[in-house]
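What follows is a single structure, written as structure tokens, with notes after it.
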Amino acid sequence: MGSSEFACPALELILKTGRDEVVAVVSQPERPSGRRRRTKKCPVDEFVSRASIRTLTPENVNAPESIAALRALAPELIVVVAYGQILKSSLLKLPPQGCVNLHGSRLPQYRGAAPIQWAIARGERMTGVTTMFINEKMDGGDIILRAEERIAPDDTALSLSRRLAEKGAELLLESLAQIRDGRAPRIKQDESEVSYAPRLKKTDGRVDWIMPAKELSDRIRGFQPWPCCYFTLQAETARLASGAATVKILRARVEPGGGAEPGAVLETCGAGPLIQTGSGALRLLEVQPEGRKPMEGKAFLCGGKISRGEILA
């Protein structure tokens with residue numbers, strides 16, 4: 001069971017080794033995507049369509065008809081990687097060997113839907129991947145194996161996710177081997193070390209200039225490719241007829257600040273605008289104005305859409 005791109009390396013490796021029979025793949029149904037809201041398959045469904053494997057795409061995997069369809073396949077084990085639906089008790093009890101999950105953190109740290117994004121956004125230097133037996137508590141099952149991965153200073157959620165997906169695929173393969181041989185450990189999670197990574201919302205990306213520059217820089221990296229950190233330019237600044245324009249921040253650098261109010265534009269020269277924060281300043285090296293392609297900060301300055309002394313929202 002999987003939906004996002006993070007799940008594809010694991011599925012590909014399982015199929016490549018051929019040690020286990022994949023009787024079916026369960027992924028999310030097609031959803032509207034993009035500005036034109038055209039329906040689009042999820043990455044796992046796209047991958048499976050090229051591999052000629054039976055695919056199920058239930059709207060609710062816990063519905064009686066979904067469970068009946070899965071029971072007819074008689075799975076010995078269910079593997080879950082970035083699927084997007086929570087498995088309830090009746091489904092967890094279906095396979096005799098249980099249900100196993102690959103999670104993108106070192107559990108019990110960063111339980112939840114967005115562990116990779118929040119690990120970067122909160123300034124962590126290390127993260128990892130974990131395999132575990134699923135129970136009814138969110139990401140709270142017994143651990144099988146864990147592996148660590150360093151977070152590089154220039155990592156975004158996208159670059160780190162790709163590395164963790166590959167490392168996680170190898171870890172999952174070893175976990176399956178241990179389950180197959182009857183030697184997989186069941187390590188209880190230490191509840192005193194639990195932290196959470198809630199599902200991201202669009203509003204999580206809005207820049208609050210009161211935050212320290214380092215914290216904002218981490219969020220800019222962690223919240224790519226979605227929701228992206230952003231601020232708004234009012235009509236008179238953006239030279240619009242009315243309303244406001246959103247500007248996404250794609251790359252930024254922490255620099256010394258001054259005594260100005262958070263959000264104040266300190267400089268409009270060099271590699272990009274320099275913005276005062278609650279502690280230090282941020283140099284905006286790459287941005288994407290609303291309706292435009294990404295551009296370097298110095299190119300953004302050429303448009304004259306931002307002025308020294310202005311207070312950004």
Side-chain angles (χ1 to χ4, degrees), residues 104-128 148-164 193-233 244 246-268 270-290 294 296-297 300-301 306 308-313:
S105 79
R106 297 181 299 170
L107 290 172
Q109 298 173 2
Y110 293 102
R111 292 178 180 176
I116 298 171
Q117 294 92 329
W118 284 112
I120 297 176
R122 292 174 184 162
E124 300 285 359
R125 295 183 179 182
M126 293 292 295
T127 186
E148 292 189 339
E149 178 71 18
R150 188 178 73 88
I151 300 176
D154 60 348
D155 261 330
T156 64
L158 184 60
S159 64
L160 181 58
S161 179
R162 286 171 176 165
R163 293 205 310 278
L164 289 178
E193 297 183 359
V194 171
S195 60
Y196 291 96
R199 187 178 300 277
L200 286 169
K201 308 181 297 295
K202 178 64 177 178
T203 53
D204 288 322
R206 175 170 285 281
V207 172
D208 182 353
W209 297 108
I210 295 176
M211 290 182 177
K214 173 61 167 63
E215 186 174 340
L216 287 173
S217 175
D218 291 337
R219 291 171 76 96
I220 289 166
R221 294 186 300 112
F223 293 166
Q224 288 191 53
W226 193 90
C228 277
C229 285
Y230 62 92
F231 62 93
T232 55
L233 293 177
T246 298
V247 180
K248 295 179 181 178
I249 307 174
L250 305 181
R251 281 192 303 117
R253 181 174 66 220
V254 177
E255 295 188 9
E261 178 183 346
V265 180
L266 301 177
E267 294 181 7
T268 55
L274 184 67
I275 316 299
Q276 177 68 44
T277 72
S279 176
L282 271 185
R283 179 80 64 180
L284 309 187
L285 301 176
E286 186 179 3
V287 299
Q288 184 176 9
E290 188 173 345
E296 292 185 355
F300 178 67
L301 289 174
I306 197 167
R308 184 176 178 179
E310 177 184 350
I311 306 297
L312 299 181

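Everything numeric here is computed off the predicted structure, so don't read it as measured data. Residues take their numbers from the sequence shown, with the count starting at 1.
- In the displayed structure, Arg122 atom CZ is contacted under 6.0 Å by more than 12 heavy atoms of other residues, nucleotides or ligands.
- Here the side chain of Arg163 pairs a donor or acceptor atom with the backbone of Arg150 at under 3.5 angstrom.
- For Arg106 (side chain) and Glu149 (main-chain N/O), no donor-acceptor pair under 3.5 Å exists by modelled atom type.
- Counted within 6.0 Å of CD on Gln288, heavy atoms from surrounding residues, nucleotides or ligands total more than 12; the atom is thus considered enclosed.
- With a 4.5 Å cut-off on side-chain heavy atoms, Ile116 and Thr127 do not count as touching.
- A donor-acceptor pair is defined here as one N or O able to donate and one able to accept, closer than 3.5 Å; such a pair exists between the side chain of Trp118 and the backbone of Pro198.
- Here the closest non-hydrogen pair linking Ala252 and Ser217 is O-OG, 4.3 Å.
- In terms of heavy atoms, Ala281 sits closest to Leu266 at CB-CD1, 4.0 Å.
- Inter-residue side-chain proximity for Leu312 and Ile306 is flagged as met; some heavy-atom pair is nearer than 4.5 Å.
- Atom CD in Gln276 sits 9.5 Å away from atom CD1 in Ile311 (nearest 0.5 Å).
- The backbone N or O of Lys201 sits less than 3.5 Å from a side-chain atom of Asp204, completing a donor-acceptor pair.
- Annotation: salt bridge (Lys or Arg N to Asp or Glu O under 4.0 Å) contacts of Glu267 (sequence neighbours excluded): Arg283.
- The side-chain tip of Lys202 points at the ring of Tyr230 from less than 6.0 angstrom away and within 45° of straight on.
- At distances below 3.5 Å, at least one donor-acceptor pair connects side-chain atoms of Ser195 with backbone N or O atoms of Tyr110.
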